[in-house]
Amino acid sequence: MRLKIKQQENSRHKEMVTAVGWTSSNELYTCSDDNTVVVWDMNGEPLNTAFTLDIPVSDISWQPAARGSSETLAIACIDGSFKIVSKTGRVEKHVPDAHRGAVITIKWSYDASTIATGGEDGQVKIWAKTGMPRSTIVQSDRSIFSLAWSPGSDQVLYASNKNICIKHIQAGQKQVQWKAHEGCVLKVDWNPSNNLIISGGEDCRYKIWDTFGRNLFTSSPYEYVMTSVSWSPNGDLFAVGAFDMLRLCDKTGWTYSLVKPKTGSIMNLAWSWDGTMLAGGGGNGATVFGYLVDKKASWQNVEIQLQEDNKIYVVDVIHEISEELEFRDRVINFALGYEHLVVTTTTQCSIYDVQNWQTPNRFDIREPASLIVLGSKYFALVDLVNGIQIYNYEARQMSNPKFQGLRVEFLSNKSISLSTDIITVVDTANGKLLRLFDLISGKPLSQNIEHNLEILEVSANQVDHAAERKLCIMDNNRDLLLTSVHRNEMTKLCSMVDSFRWNEKSDMLAAIADSKLYVWYYPNVVYVGKDLLQLSRSSRDVSNEVGKMCVIDSFTGSLVTVRRIDGRIATLSVSPYPALLYENCDRGQWEKAIRLCRFVKDSTLWACLAAMSLHARELNTAEIALAAIDEVDKVQFINYVKTIPSEVGRNSELALFCKRPQEAEQILLQARLYYRAIKMNVRLFKWERALDIALANKKHIDTVIGYRKRFLESSGREETLEKFKQFGEIEIDWVAIKTKIKQEKEQEALSGRPYDG
């Protein structure tokens, strides 16, 4: 990927361009020290001079989420005032003496309700959208050169001297502050999608930070100071400007391209709303436009490249196919995966099958999609007007899930995921909440998932079985957690995680944590037997291959593709045998699965087979697999389960083995096996529950009392449970109790079917 630069030879501005900003209709407004405001089209051609001001401008900010004629522009002036102006130049509000000295920086909040200004007087002030003052949140003796809003519009990030500070707009909240550069910090930006911060300073470096002030990347020093920085809307890229320099970088810090336009110092940078174009204002009065070209994507044997703004070149290296796909409009976004290529332009969406590039499925769209999320059978388009729209690969719209407070401009590939039956979205207003929707109808599921920490990334597995739908979550502590859609129970897999990815075809999960590659070959083991979790996982050191802060791009078959922090691609291999094991088990070919494990002679594979067979209630296979990994206690338990005469009883014991006692009890009660349900609770020392079952069904009340008295006598204790004290005078006839138990077991044996494998 690189920036293709266009610069007008004869600039419309006579003096330094101090501020630039895009409207939602992809028009660029530029302000200069010559007091003119010029409008440019997306081709880099000047349209007209929108209006002229009576004082030079230092910064501008367009109101977010406004459309068309309702868009308003906040303009900061060097005389200490700011204005709220319409697109036509009509002054809606003029606020004189907002600061002592110049208003250096101005920003609308993301919810479009508030304006923040920073001035030469060292103050940061908060204003209502009408221009009425609300509060002064910062008073310092150093000028405020740059500021940015938090994604939730409740905090302000500002640069003062060598420091970066995060200040809550409500009083009484703790301020976060750290030394960021050796020289004065000139520009900062805070991206709402990835929640990362970039800064540029007089020490000729640019840096990436998290919201705790931890440094994630530091560039090498350059020849000139960094005068501007700006995130792309989706948070995947950012741009850095300096004297005659414009640099396009990945979100991890490495550089895609470097261009040297003749602009002088680039004082301000702004991305278009769709993230395909970049504009900068130069110190010599020039306006420079940058277009993203040569954007690439690959999947298995297919590689695509956006060569021009409306042409994509396709290469299939195995089938030796080369195709050029031409579109009538400018390409906004594309995504490749799951055997399909999805391309969106300004007016259309095209869906290509990688086996057939000649006949795509197409449909019209009203708004360009800012985000494309692919799944195995469906994909999602996200835009500012329609929100989240779900389609299948035949171009049929399935649903349009919505919820109150949804801010689609904050969504990214990490905060939205879809499978074959559900779509999950991290709530943009509450980062600890996962909202779940039915993919076909778009209706919310009855239960959402809430975590105690902010969720950084979520991903759903792609298997067809809805009952095995699982979500993998990475939280603010970089912990990796696994949860089921149908069981609100989180299991921690590992810590210090850089990146994770589900396999595209099977249920395997890969993660890189602490410079190691972990692969959970059968994550469902956490719902079968957590004792087998570590045994069914592989790990190896990959510090030499990928280093730190890498990102897993894909996990297809037995290959894990990883992008290093320097931008290079590394390919890691995992064992191919678990995929074969999945095929055999899905088809019920347990004998083949056993032979495969005996051939490979790997304890990890045996552990996977043990968990898979236990989940499928295939006890003979489970016994062989558990014996192979020396799990003697579990083998004895399997032999005990085989002796239970009824299938209901066996299923209940296996549910208890999987640490689901409520499910085990429900199975027995539905089959009216009251003694087994009571005895299970007695074994678990749930005495009161055992008595409740006996009283509710008027069965085995004396049995529960007898077992309770025997327990108290053997442990030398007195009765402390109120429910049992009222039955203290009952005489226990063990002969009658054993007779009842024997009769129920015989009845179970007659109605049940013994295990025959």
Side-chain angles (χ1 to χ4, degrees), residues 445-447 449 467 483-490 526-530 614-615 617 619 637-638 640-755:
L445 299 187
S446 58
Q447 186 176 10
I449 297 175
T483 185
S484 170
V485 171
H486 306 290
R487 299 188 190 102
N488 196 356
E489 172 190 346
M490 290 199 182
V526 299
Y527 306 114
V528 176
K530 290 185 180 180
L614 282 170
H615 184 261
R617 307 292 192 258
L619 300 184
F637 175 78
I638 295 299
Y640 158 70
V641 172
K642 286 182 178 181
T643 63
I644 298 174
S646 66
E647 184 178 358
V648 171
R650 292 192 292 272
N651 289 341
S652 172
E653 287 295 328
L654 289 173
L656 191 62
F657 172 78
C658 297
K659 296 181 176 58
R660 300 198 295 270
Q662 291 182 341
E663 181 182 331
E665 180 188 292
Q666 195 65 27
I667 291 172
L668 293 172
L669 292 178
Q670 286 178 353
R672 297 184 178 181
L673 297 178
Y674 302 119
Y675 169 69
R676 282 200 176 275
I678 290 169
K679 188 61 183 295
M680 184 193 74
N681 281 285
V682 169
R683 284 158 50 197
L684 296 174
F685 299 100
K686 294 183 177 181
W687 298 103
E688 291 179 299
R689 179 56 186 161
L691 184 59
D692 288 342
I693 294 173
L695 292 172
N697 297 282
K698 299 179 181 179
K699 300 275 187 179
H700 293 286
I701 298 174
D702 54 344
T703 305
V704 179
I705 303 301
Y707 277 122
R708 176 65 179 175
K709 286 187 174 181
R710 180 182 288 181
F711 167 74
L712 293 174
E713 290 171 1
S714 63
S715 59
R717 298 179 182 179
E718 296 292 330
E719 183 60 73
T720 57
L721 299 178
E722 293 296 330
K723 284 187 178 181
F724 283 88
K725 287 182 178 180
Q726 59 182 316
F727 298 100
E729 303 300 325
I730 293 180
E731 292 292 330
I732 304 302
D733 185 355
W734 281 106
V735 175
I737 290 173
K738 289 181 179 180
T739 302
K740 284 192 294 183
I741 293 173
K742 183 179 179 181
Q743 289 175 350
E744 186 164 323
K745 285 185 175 180
E746 289 174 351
Q747 185 177 356
E748 179 186 357
L750 290 173
S751 60
R753 180 171 59 87
Y755 185 78

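What's counted below: heavy atoms across the whole structure, side chains too, no hydrogens, waters or symmetry copies.
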Please name all residues satisfying salt bridge (Lys or Arg N to Asp or Glu O under 4.0 Å) with [X], sequence neighbours left out, ordered by chain then number.
| X | answer |
| --- | --- |
| Glu744 | none |
| Lys740 | Asp702 |
| Glu719 | Arg708 |
| Lys686 | none |

How many angstroms lie between [atom1] in [X] and [atom2] in [Y], if you round to the nearest 0.5 Å?
| X | Y | atom1 | atom2 | result |
| --- | --- | --- | --- | --- |
| Leu691 | Gln726 | CG | CD | 7.5 Å |
| Thr643 | Ile638 | OG1 | CD1 | 11.0 Å |
| Asn651 | Arg617 | CG | CZ | 5.0 Å |
| Ile667 | Glu653 | CD1 | CD | 10.5 Å |

Identify, with sequence neighbours excluded, every residue that meets side chain to side chain donor-acceptor pair (under 3.5 Å) alongside [X].
| X | value |
| --- | --- |
| Thr703 | His700 |
| Arg672 | none |
| Lys723 | Asp692 |

Filter on ring pair (Phe, Tyr, Trp, His ring centres under 6.0 Å), then keep only pairs touching residues 713-735, sequence neighbours left out; what's left? Tyr707-Trp734
Can you pull the side chain to side chain donor-acceptor pair (under 3.5 Å) pairs that have at least one residue in residues 657-668, sequence neighbours excluded? Arg660-Glu663, Glu665-Asn681, Glu665-Arg689
In the structure I gave you, are the side-chain heavy atoms of [X] and [Y] within less than 4.5 Å of one another anywhere?
| X | Y | answer |
| --- | --- | --- |
| Tyr675 | Lys745 | yes |
| Ile644 | Arg676 | yes |
| Glu647 | Arg650 | yes |
| Leu445 | Val485 | yes |

Has the side chain of Asp733 got a donor or acceptor atom that lies under 3.5 Å from a matching backbone atom of Val735? yes
Where [X] and [Y] come nearest, the two heavy atoms and their spacing:
| X | Y | value |
| --- | --- | --- |
| Leu673 | Gly649 | CD1-N, 4.5 Å |
| Val648 | Ala671 | CG1-CB, 3.5 Å |
| Ala694 | Val704 | CB-CG2, 3.9 Å |

By ring pair (Phe, Tyr, Trp, His ring centres under 6.0 Å), which residues pair with Tyr674, not counting sequence neighbours? none
Checking Phe637 now: which residues fulfil ring pair (Phe, Tyr, Trp, His ring centres under 6.0 Å) with it, not counting sequence neighbours? Phe657
For Thr483, the side chain to side chain contact (heavy atoms under 4.5 Å, CB included) test, sequence neighbours excluded, returns Ile449, Leu471, Ile473, Met490
Tell me whether the count of non-hydrogen atoms from other residues, nucleotides or ligands lying under 6.0 Å of NZ in Lys725 goes above 12. yes
NZ/Lys709: more than 12 non-hydrogen atoms of other groups inside 6.0 Å: yes
Could you go step by step and tell me if Ser484 and Tyr527 meet the side chain to side chain contact (heavy atoms under 4.5 Å, CB included) rule? CA-CA 9 Å; Ser484 170; Tyr527 306 114; 3.4 Å; yes
Just do the side chain to side chain contact (heavy atoms under 4.5 Å, CB included) check on Leu668 and Ile678 with the steps written out, would you? CA-CA 9 Å; Leu668 293 172; Ile678 290 169; over 6 Å; no
